[in-house]
Amino acid sequence: MLSSHDLFDAHFHVIDPRFPLVSSHGFLPGVFTCDDYLDRLKDYRLRGGAVVSGSFQSFDQSYLLDALHRLGPSFVGVTSLPASVPDNQIMDLDRAGVRAVRFNLRRGGTETVKHLESMAWRVHELAGWHIELYSDADDLSELYQLLLSLPAVSIDHIGLTKSGFATVVKLAEQGIRVKATGFGRVDFNVRTALKRLHSANPESLMFGTDLPSTRVERAYNDDDFRLLIDTLGEQEAARVLYDNAIAFYKPRSTG
C-alpha cells in the first residue's frame with residue numbers, strides 16, 4: 001500500500017469509447033476506463049470517489065451512469081446538464097449517485113454562466129446537489145458575491161492561476177470547497193497554496209487525482225499524494241484525503 005490513509009478521490013474522469021465523445025477545441029481524449037482507473041489506484045486505500053464529466057462528454061449521461069454502476073455506491077457523479085433538464089431527470093440521476101453539476105467556464109461543454117445561479121439553487125433544492133466550477137482564479141473575482149450567495153460550491157484544481165489565488169483563499173474562508181487536484185496544471189507553488197487554503201478553512205480542501213490528467217504537461221503522479229501528506233501532516237491530511245469529501249458528496253455508501 002502507498003499509504004495507510006483512506007482516499008475518497010474527489011476528482012477523476014472516466015473516458016469510455018463505447019459512449020459519445022465530442023471534440024473540445026479540437027481535442028479528443030484517450031481511453032481511460034473504470035478498469036484502467038482501478039488498476040492505476042490499486043496501491044491506494046481507495047474508498048470511493050467522484051467521476052467528473054469533462055467538456056468532451058458534454059451533456060451525455062450514459063457513460064456516467066455506466067461508470068457509477070460499475071464502480072459502486074461509494075462513488076458519486078459530477079455531471080453537466082442543460083438548464084432545460086426536467087426535474088424528474090435530476091432525481092433519477094440523484095438516485096444513481098450524481099451529486100453535483102459542473103460549470104466548465106474554461107473549456108465549455110456545459111451551460112453558460114448566466115444559468116449558474118438558477119441551476120445552483122434548483123439542483124440544491126431538488127436533490128441537495130452542489131455546483132462545481134472549472135475556472136481560472138482570476139475570473140472568480142467578478143463572481144465572488146454570487147458564489148457566496150449560493151447554497152454549495154466547489155472550485156476545481158486549486159483555482160489554476162496565481163493571479164486571483166487570493167480570491168480562492170477568501171472563498172475558502174467563507175465555506176466554498178476547493179479541490180486539491182491538478183497539481184501539474186497550476187502556475188504557483190502547490191505546497192504554499194495548500195498551507196494557505198488549509199489555514200483559511202481546514203474543511204475546505206478535498207484531494208483528487210485528476211486522472212487521467214488530460215491536456216496537461218505533467219500528469220498526476222504518486223508524489224502529489226505524498227506532497228499533500230508531507231505538507232499538512234498525517235492528521236490533517238486524513239481530513240483532506242477522505243473526511244471532507246465524504247461530508248460534502250454524501251455517497252450512497254461509505255465503503
So, for Tyr242 and His5, is the gap between ring centers shorter than 6.0 Å? no
Donor-acceptor pair, Ser204 side chain versus Asn201 backbone, under 3.5 Å? no
From CG (Leu241) to CD1 (Ile246), nearest 0.5 Å: 12.0 Å
Just by modelled atom types, is the Val169 backbone N or O under 3.5 Å from a matching donor or acceptor in the Arg196 side chain? no
Checking Phe207, Tyr220, Phe183, Tyr134 against His157 for ring-ring contact (aromatic ring centres under 6.0 Å, His included), the one that qualifies is Tyr134
Show the nearest heavy-atom pair for residues Thr161 and Ala137, with the distance to one decimal. OG1-N, 3.2 Å
CG (Asp36) and CD1 (Ile15) are apart, to the nearest 0.5 Å, by 9.5 Å
Compute the ring centroids of Phe32 and His13, then answer whether they are less than 6.0 Å apart. no
Are Tyr63 and Leu68 packed together at the side-chain level, in the sense that at least one heavy-atom pair is separated by less than 4.5 angstrom? no
Does a side-chain N-to-carboxylate-O contact under 4.0 Å join Arg18 and Asp66? yes
Closest non-hydrogen atom pair between Glu236 and His198, with its separation: OE1-NE2, 2.8 Å
Can you confirm whether Arg122 sits close enough to Ile90 that some side-chain heavy atom of one is under 4.5 Å from a side-chain heavy atom of the other? yes
Work out which heavy atom in Asn104 is nearest to a heavy atom in Ser55; give both atom names and the distance. ND2-CB, 3.7 Å
Between Arg70 and Asp35, does any NZ, NE, NH1 or NH2 come within less than 4.0 Å of an OD or OE carboxylate oxygen? no
Quick check: do Ile155 and Leu171 have side-chain heavy atoms less than 4.5 Å from each other? yes
Can you tell me if Ser149 uses its side chain to pair, donor with acceptor, with the backbone of Leu146 under 3.5 Å? yes
Look at the side chain of Asn189 and the backbone N and O of Thr192, then say whether any donor-acceptor pair between them is shorter than 3.5 Å. yes
Does Phe248 belong to the same Ile/Leu/Val/Met/Phe/Trp/Tyr cluster as Val168, with side-chain heavy atoms less than 4.5 Å apart forming each link? no
Could you check whether any side-chain heavy atom of Asp222 comes within less than 4.5 Å of a side-chain heavy atom of Arg40, counting everything from C-beta outward? yes
Taking Trp121 for the side chain and Pro151 for the main chain, is one N or O donor matched with an acceptor at less than 3.5 Å? no
Between NE2 of His115 and OG of Ser84, what distance do you get to the nearest 0.5 Å? 8.5 Å
Any sub-3.5 Å donor-acceptor pair from Asp94's side-chain atoms to Met91's backbone N or O? no
Could you walk me through whether Val101 and Val78 pass the side-chain contact (heavy atoms from CB on, under 4.5 Å) check? CA-CA 6 Å; Val101 173; Val78 177; over 6 Å; no
Going by the side-chain hydrogen bond (donor to acceptor under 3.5 Å, both in side chains) test, name the single residue among Asn221, Asp9, Thr181 that passes it with Thr209. Asp9
So how far is it from Ile131 CD1 to Ser154 OG, rounded to the nearest 0.5 Å? 8.0 Å
Linking I/L/V/M/F/W/Y whenever their side-chain heavy atoms sit closer than 4.5 Å, directly or via other members, would Tyr249 and Phe12 fall into one cluster? no
When you compare the side chain of Leu133 with that of Leu147, does any pair of heavy atoms fall below 4.5 Å? yes
Contact check, side chains of Lys195 and Arg191, non-hydrogen atoms, under 4.5 Å: yes
When every non-hydrogen atom of Gln61 is compared with those of Ser80, the smallest separation belongs to NE2-O, 3.0 Å
Same apolar cluster (I L V M F W Y, side chains within < 4.5 Å links), Leu46/Phe8: no
Taking all non-hydrogen atoms of both residues into account, name the closest pair between Pro20 and Ser62 and its distance. CD-OG, 3.7 Å
Test: Lys170 and Glu173 ion pair at under 4.0 Å: no
Transitively linked via ILVMFWY side-chain contacts under 4.5 Å: Leu64 with Val31? no
Connected via hydrophobic side-chain network under 4.5 Å: Leu228 and Val216: no
With side chains defined as the heavy atoms from C-beta onward, is the minimum distance between Val190 and Thr231 less than 4.5 Å? no
Just wondering, do Val51 and Val76 contact through their side chains at under 4.5 Å, heavy atoms? no
I want to know whether Phe165 and Phe188 have ring centres closer than 6.0 Å. yes
Please confirm whether the backbone N or O of Ser53 pairs with a side-chain atom of Arg102, one donor and one acceptor, at under 3.5 Å? yes
Checking Asn244 side chain against Met206 main chain: does a donor-acceptor pair fall under 3.5 Å? no
Can a salt bridge be assigned to the pair Lys179 and Glu132 using a cut-off of 4.0 Å between side-chain N and carboxylate O? yes
So does Glu203 get a backbone contact from the side chain of Arg177, meaning a donor-acceptor N/O pair under 3.5 Å? yes
Which heavy atom of Val22 sits nearest a heavy atom of Gln57, and at what distance? CG2-N, 4.4 Å
Any Lys/Arg nitrogen of Arg47 or Asp6 sitting under 4.0 Å from an Asp/Glu carboxylate oxygen of the other? yes
Please check this pair: side chain of His124 against backbone of Trp129, looking for a donor-acceptor N/O pair closer than 3.5 Å. yes
Interatomic spacing from CG in Asp60 to OG1 in Thr79 - rounded to 0.5 Å: 8.0 Å
From Ser4 OG over to Glu234 CD, what is the distance, rounded to the nearest 0.5 angstrom? 6.0 Å
Are Tyr44 and Phe225 an aromatic pair by the rule of ring centers under 6.0 Å? yes
